[in-house]
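All remarks here apply to the structure that follows.
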Amino acid sequence: MRPTHGLFWAAACLMVLVAITATTLCSSSAQRVLPGFSNPVIPGLWTPGRMAEAASVDKPAPNDLGADAGETDPEPAPVPAAPERASYHEFAPVIGKIFFDTPDGPSVCSGTAVEDPARPGGSSLVWTAGHCVHGGAGGTWFRNIVFVPLYNDEALRGPDRQAAGQDRIAPFGIWWADQAETSPEWIAEGASTGGDGSPSDFAVLHVTRQGGGASLQETTGAAAPVWFEAPSATQVPAMKAWGYPAAEPFDGELMFSCQDRPGRLSVRADRPPLYRIGCTMNGGASGGGWFAQRPDGMLALVGNTSIGPVSGTWLAGPRLGAGARAVYQSVSARAASDES
């Protein structure tokens with residue numbers, strides 16, 4: 001589920017990369033500077049046509065990943081991805097699609113509008129995968145990152161989709177990321193193949209729309225709560241993942257979901273296990289939110305899609321713990337500071 005990247009920045013990481021200012025990544029023997037996140041708005045760049053042309057270049061993981069590492073449960077049976085009902089605004093109001101440019105060209109992921117503890121009812125935060133914003137070990141930030149909430153809300157297909165203008169493909173606007181942060185582990189260890197860095201493959205964006213105005217949450221009417229330190233996969237009866245899969249047999253234009261009882265997948269014995277569910281979604285669904293029911297009965301975000309196998313039969317993603325909470329709180333605090 002990882003994009004192929006031209007990796008052109010070398011870095012060793014012991015310090016977290018701060019989103020807006022350039023940050024020094026250091027080791028005991030060397031020190032290098034990685035550029036800070038910069039994502040200037042380019043009006044008119046993400047037209048409906050360019051969005052349709054952006055293809056997932058995610059690379060699947062080996063089918064037997066985790067077979068000899070840590071806590072790994074039996075591989076789940078594949079769960080066919082189910083198309084979401086339209087309009088998406090009625091049935092999955094927090095899900096959207098992320099577009100960005102890599103050294104290899106335009107690419108796609110999925111994302112989730114989430115609550116902002118500093119702005120109750122007025123959040124402009126988006127949760128996604130780290131590999132949807134940063135190239136991982138040796139890489140840097142991607143460019144021209146935007147979030148399109150409820151992309152293709154009417155689930156248009158064929159000629160109707162081709163003829164649709166921006167008002168129908170992006171009815172709630174195109175939101176440019178002005179802040180992004182991912183985990184130091186993803187920056188130090190993340191790889192496009194093999195699952196390295198996937199236990200910390202998460203990121204948070206703060207987004208704005210040209211011309212300002214209402215927040216993302218006020219515009220769409222929804223933002224998901226985030227449940228950090230959710231129970232182990234052994235204690236959760238069901239999880240549901242949403243996204244816009246873009247590799248064959250999908251085309252990235254429609255929203256799908258899968259629901260299954262989660263299991264555990266360990267990619268390294270010294271890293272926390274991932275959640276894993278049976279699901280036939282593939283590249284393009286990366287970064288899409290995973291939800292579980294809290295004790296109070298409310299659905300909450302507990303993870304995001306990180307990796308999937310060559311066979312396209314399951315997905316796995318990180319369990320959100322203290323590191324994820326720190327990234328979330330950092331972006332929230334910085335956004336609140338910028339607005340004050």
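Position 1 is the first residue of the sequence, and the numbers go up from there.
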Close side-chain approach of [X] to [Y], heavy-atom, < 4.5 Å:
| X | Y | value |
| --- | --- | --- |
| R268 | P199 | no |
| L125 | V331 | yes |
| W314 | D260 | no |
| L274 | S198 | yes |
| R143 | F37 | no |
| T112 | N304 | no |
| L320 | V302 | no |
| W290 | P262 | no |

Answer yes or no: is there a donor N or O on one side and an acceptor on the other, between the side chain of [X] and the main chain of [Y], under 3.5 Å?
| X | Y | value |
| --- | --- | --- |
| S124 | T208 | no |
| S232 | Q235 | no |
| S110 | G284 | yes |
| Q259 | K240 | no |
| R161 | I169 | no |

Donor-acceptor side-chain pairing of [X] and [Y] below 3.5 angstrom:
| X | Y | value |
| --- | --- | --- |
| H89 | D153 | no |
| Q179 | D338 | yes |
| Y244 | E253 | no |
| S306 | D201 | yes |

Item to check | Partner set under ring pair (Phe, Tyr, Trp, His ring centres under 6.0 Å) for W242, not counting sequence neighbours | outcome: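 Expected list: F291.
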Next on the checklist: I'd like to check the ring pair (Phe, Tyr, Trp, His ring centres under 6.0 Å) partners of F147; sequence neighbours left out, ordered by chain and number.
Outcome noted: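 With neighbours one apart ignored, the set is empty.
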Next on the checklist: Are more than 12 heavy atoms, taken from residues, nucleotides or ligands other than R85, located less than 6.0 Å from that residue's CZ atom?
Outcome noted: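 No, because the 6.0 Å sphere around CZ of R85 holds 12 heavy atoms or fewer from other groups.
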Nearest 0.5 Å please: distance from the [atom1] atom of [X] over to the [atom2] atom of [Y].
| X | Y | atom1 | atom2 | result |
| --- | --- | --- | --- | --- |
| L150 | T219 | CG | OG1 | 11.0 Å |
| W127 | L205 | CH2 | CG | 10.5 Å |
| S192 | I307 | OG | CD1 | 12.5 Å |
| H134 | T140 | NE2 | OG1 | 5.0 Å |
| F202 | E181 | CZ | CD | 9.5 Å |
| D251 | S56 | CG | OG | 12.5 Å |

Item to check | Evaluation steps, ring pair (Phe, Tyr, Trp, His ring centres under 6.0 Å), between F256 and F250 | outcome: CA-CA 10 Å; F256 287 80; F250 307 99; 4.9 Å; yes
Next on the checklist: Salt bridge check, D101 against R50: does any charged N sit closer than 4.0 Å to a carboxylate O?
Outcome noted: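 Looking at R50 and D101, the cut-off is met.
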Checklist entry - Between R168 and E154, does at least one N-O distance fall below 4.0 Å, as a salt bridge requires? => result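 The answer is yes: the pair qualifies as a salt bridge.
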Solution key, residues 93-100 side-chain donor-acceptor pairs under 3.5 Å, sequence neighbours excluded:
unit_1 : atom_1 : unit_2 : atom_2 : d
K97    : NZ     : G252   : O      : 2.4

Check whether [X] and [Y] end up in the same hydrophobic cluster, where Ile, Leu, Val, Met, Phe, Trp and Tyr are linked by side-chain heavy atoms less than 4.5 Å apart.
| X | Y | answer |
| --- | --- | --- |
| F91 | M239 | no |
| I42 | I174 | yes |
| M255 | V79 | no |
| L45 | V108 | yes |

Item to check | Face-on cation placement of R294 at W227 ring, 6.0 Å and 45° thresholds | outcome: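 No, R294 does not lie over the aromatic ring of W227.
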